[in-house]
2 protein chains.
Amino acid sequence: MQDPKSNPAAGANLLFLREAEIRAAQDMLFFAYRDFTNAADVILEELGLGRAHHRVLHFIGRNAGMSVGELLAVLRITKQSLSRVLGALIEEGYVAQAQGRADRRQRLLTLTPKGEELERRLFERQRERIVKAYREAGSTAVEGFRRVMRGIMDEQAHEFVDGADGEPRGVRHGR
Amino acid sequence: MQDPKSNPAAGANLLFLREAEIRAAQDMLFFAYRDFTNAADVILEELGLGRAHHRVLHFIGRNAGMSVGELLAVLRITKQSLSRVLGALIEEGYVAQAQGRADRRQRLLTLTPKGEELERRLFERQRERIVKAYREAGSTAVEGFRRVMRGIMDEQAHEFVDGADGEPRGVRHGR
DNA sequence: GCTTCTACGTCAACATTCCTGCCTTAATTT
DNA sequence: AAATTAAGGCAGGAATGTTGACGTAGAAGC
């Protein structure tokens, strides 16, 4: 590309660059997600579980005591899809259900010790990748990553990321 | 974790490696990917296409003239999985095949004008999200996002992101 | 208290996307 | 000429998702 000052169509050039950047972002989201999720696949396969099971374990671990309805809203799948996967996890003793105190219709979900142990093993694999990326990129880049990722997600999901167990900023979700 | 001052390894700088931060990254990757891909679903559904078709359109558009084998390597799916999706796209006139010049066994894939038009429509939906996120986060954050995302992906994928059509940095992939 | 709504579970049937294993053809490489 | 590679196809099956309908228990409204 030539000197921007000598380019009469500087605007078009900027638009072009912007589009190339956006397309690169598409690529990166695909590859990052592909390789990040793949990191845990070896362990899952040994146990005859799939990625759907991993997602359920992850989110119950992240938000212990969540209801089935909340889990459905986070995963954005139907009750029927969840039931197969969740049923298997309960059957095999990874997840426990408890009747809600305030609302006894609810089934509050938690990981059993066995479930926590598996979730941790899966987490460690993915953790390696994130830690490597974070360390190489540095804290400023990590803050930028966080800001952009939040911008890509639906607003609704911000609440979940902030309010999940682990309390990133010492504040529990207000609602 | 204990008092950062008592940590000889400059702990304060590495706070972004705490477990809570890594878990938040897991969440964000899930939500960002979920909502980003979802952006194009309305259009796809109208045409009776799925996300697999979108991915194929995207990558052929990104790398016009790529071979079937290259596409398989990028998507990391089997020939059989691709053949159904790719076959449909060719059948409906979104994608064209041409015999390779150097290697006539290869089928080089390109988007037809119809395919380009659809890819652009799908792109525009996703573009909105990225542009919004980039704008809100600022250029420093975007650079950080890029660095972290690259760190999460397999090395192998860097080449593709850099070398895809659109020439982000005016350099065609050397190999 | 009775009716209505809600949370959850389940059955049946099906769509999409992915997989493995095996075989064929044509073209390139050795 | 023989081996390898690129692409395609067939048979069969697994994982994950969907819709629609129905039942039960508990909460909420009148």
Side-chain angles (χ1 to χ4, degrees), chain A residues 30 33-34 37-38 40-60 65-92 95-110, chain B residues 30 33-34 37-38 40-60 65-92 95-110:
Chain A
F30 173 77
Y33 192 76
R34 180 196 71 176
T37 54
N38 180 247
D41 282 350
V42 183
I43 298 172
L44 291 169
E45 200 167 359
E46 283 173 7
L47 299 170
L49 300 175
R51 287 181 182 176
H53 302 88
H54 186 190
R55 284 193 289 274
V56 170
L57 281 176
H58 168 75
F59 282 114
I60 296 177
M66 76 193 306
S67 70
V68 172
E70 285 168 343
L71 184 53
L72 286 171
V74 165
L75 294 172
R76 296 238 185 112
I77 57 176
T78 58
K79 223 182 348 177
Q80 189 62 353
S81 281
L82 177 60
S83 81
R84 245 185 328 243
V85 173
L86 184 57
L89 290 173
I90 292 170
E91 183 103 6
E92 294 175 47
V95 171
Q97 285 177 311
Q99 199 170 46
R101 275 186 315 151
D103 185 338
R104 288 187 305 168
R105 289 171 304 181
Q106 293 183 330
R107 298 288 175 272
L108 306 185
L109 304 167
T110 50
Chain B
F30 173 77
Y33 191 76
R34 180 195 73 176
T37 53
N38 181 248
D41 283 350
V42 184
I43 298 172
L44 291 169
E45 202 167 358
E46 284 172 6
L47 299 170
L49 301 175
R51 288 182 181 175
H53 301 88
H54 186 190
R55 284 193 291 274
V56 170
L57 280 176
H58 167 75
F59 282 114
I60 295 177
M66 75 194 306
S67 70
V68 173
E70 285 168 343
L71 184 53
L72 285 171
V74 165
L75 295 171
R76 294 236 185 118
I77 58 176
T78 58
K79 225 179 351 175
Q80 190 60 3
S81 284
L82 177 60
S83 81
R84 243 182 331 242
V85 172
L86 184 57
L89 290 173
I90 292 169
E91 184 103 6
E92 294 174 47
V95 171
Q97 283 176 313
Q99 200 171 43
R101 274 185 314 151
D103 186 337
R104 289 186 305 169
R105 288 171 304 180
Q106 293 184 332
R107 298 288 175 273
L108 306 184
L109 304 167
T110 50

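Every chain is numbered from 1, with letters handed out A, B, ... down the list of sequences.
Scanning DNA chain C for stems, defined as runs of 3 or more consecutive Watson-Crick or G-U wobble pairs whose donor-acceptor distances all fall under 3.5 Å, gives the following ranges: C:1-30 with D:1-30.
Closest heavy-atom contact between B:Ala88 and B:His53: CB-NE2, 4.1 Å. Minimum interatomic distance between A:Ala73 and B:Arg34 (heavy atoms only, all atoms of both residues): O-NH1, 3.9 Å.
Non-hydrogen atoms lying under 4.0 Å from DNA chain C are contributed by B:Ser81, B:Arg84, all within residues 81-91 of chain B. Shown for residues 67-76 of chain B: residues whose heavy atoms fall under 4.0 angstrom of DNA chain D, namely B:Ser67, B:Val68, B:Gly69. Of the residues in residues 40-48 of chain B, none has a non-hydrogen atom less than 4.0 angstrom from any atom of DNA chain D. The stretch residues 96-107 of chain A touches DNA chain D through A:Ala102, A:Asp103, A:Arg104, A:Arg105, each having a heavy atom within less than 4.0 Å of the strand.
Remark: A:Gln99 engages A:Arg104, A:Arg107 in a side-chain contact (heavy atoms from CB on, under 4.5 Å) (not counting sequence neighbours). Annotation: side-chain contact (heavy atoms from CB on, under 4.5 Å) contacts of A:Leu71 (sequence neighbours excluded): A:Val56, A:Phe59, A:Ile60, A:Met66, A:Leu75, A:Leu82, A:Leu109. For A:Ile90, the side-chain contact (heavy atoms from CB on, under 4.5 Å) partners at least two apart in sequence or on another chain are A:Leu86, A:Val95, A:Gln97. Listed by chain and residue number, A:Gln80 satisfy the side-chain contact (heavy atoms from CB on, under 4.5 Å) test with A:Ser83 (two or more places apart in sequence, or in another chain).
You can see that DNA chain D meets the heavy atoms of chain B within a 4.0 Å-exclusive cut from D:dT5 to D:dA11, reading 5' to 3'. Nucleotides of DNA chain C that come within less than 4.0 Å of any heavy atom of chain A span, from the 5' end to the 3' end, C:dT6 to C:dA12.
To the nearest 0.5 angstrom, B:Arg76 atom CZ is 6.0 Å from A:Asn38 atom CG.
The nearest heavy atom of DNA chain C to A:Lys79 and to B:Arg55 marks one nucleotide each, and the one closer to the 5' end goes with A:Lys79.
Within the structure, salt bridge (Lys or Arg N to Asp or Glu O under 4.0 Å) pairs that include any residue of residues 40-56 of chain B comprise B:Asp41-B:Arg51 (at least two apart or interchain).
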ask   = Does the side-chain contact (heavy atoms from CB on, under 4.5 Å) test come out yes or no for A:His54 and A:Leu49, once each step is laid out?
value = CA-CA 8 Å; A:His54 186 190; A:Leu49 300 175; over 6 Å; no
